[in-house]
Amino acid sequence: DAGVIQSPRHEVTEMGQEVTLRCKPISGHDYLFWYRQTMMRGLELLIYFNNNVPIDDSGMPEDRFSAKMPNASFSTLKIQPSEPRDSAVYFCASSLNRGGGEKLFFGSGTQLSVL
Amino acid sequence: AQKITQTQPGMFVQEKEAVTLDCTYDTSDPSYGLFWYKQPSSGEMIFLIYQGSYDQQNATEGRYSLNFQKARKSANLVISASQLGDSAMYFCAMRETSFFFSGGYNKLIFGAGTRLAVHP
């Protein structure tokens with residue numbers, strides 16, 4: 001079975017440019033999460049979806065960040081305009097709710113560098 | 001408030017020895033789950049072990065076991081017979097499962113991590 005698929009693996013862009021990160025969750029999973037990992041702040045939950053609906057976006061740092069999940073098999077995280085402090089690894093993860101200890105399956109991450 | 005605390009930024013252990021990585025958590029939710037993930041230098045997040053708050057026995061998965069002390073709110077990871085390939089970052093995480101307490105179902109919150117180095 002294919003795992004969570006993220007693209008691109010690496011993204012280098014210049015300050016002010018729009019960046020779009022993509023994620024395909026595991027088929028059948030009903031939860032999708034976006035995390036950001038930095039040395040200073042560790043792993044932060046940005047936003048998560050249940051059945052394509054955003055449930056909690058309190059972790060989204062500012063209005064420059066937006067996330068969508070138009071269908072069960074695709075999600076995007078967009079940063080517009082990007083800034084150097086957005087440089088981080090962005091992980092997408094998915095899980096299937098069965099009422100308790102469902103683990104998250106993580107993608108390989110997108111390494112974003114904003115120059 | 002910090003929900004997951006990992007007080008050891010770095011640990012080292014001799015190959016074949018056992019090592020304990022500490023994790024304490026804070027929650028008012030009676031129903032929650034505790035997870036450990038491994039992140040090697042390649043960057044992927046690998047699930048290791050899970051403990052539910054109502055589980056009577058400590059979870060075990062091969063060389064990994066979770067020393068769950070509910071009253072102390074601790075969920076330490078024990079790795080037995082360390083191998084060189086165990087060198088990685090280790091993250092403790094908690095999921096509160098009650099919408100009433102967490103305000104959102106299924107949110108997984110991570111600690112800061114512990115970097116483990118296994119020496120030959």
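Sequence lines set the chain letters: A, B, ... in the order given, protein chains first and strands last, and positions in each chain run from 1. Quick caveat, the model's predicted, so the values are computed rather than measured.
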Answer yes or no: is there an ion pair linking A:R22 with A:E11, defined by an N-O contact shorter than 4.0 Å?
-> no
Is it the side chain or the backbone of A:Q111 that comes within 4.5 Å of chain B heavy atoms, both, or neither?
-> neither
So, for B:F47 and A:F105, is the gap between ring centers shorter than 6.0 Å?
-> no
Of all pairs that satisfy salt bridge (Lys or Arg N to Asp or Glu O under 4.0 Å), the ones with a partner from residues 38-67 of chain B, not counting sequence neighbours | B:R63-B:D86
Side chain, backbone, both or neither: which part of B:Q39 has a heavy atom under 4.5 Å from chain A?
-> side chain
Is a side-chain donor-acceptor pair under 3.5 Å present for A:S73 with A:N71?
-> yes
Which atoms of B:Y37 come close to chain A, meaning under 4.5 Å heavy atom to heavy atom: side chain ones, backbone ones, both, or neither?
-> side chain
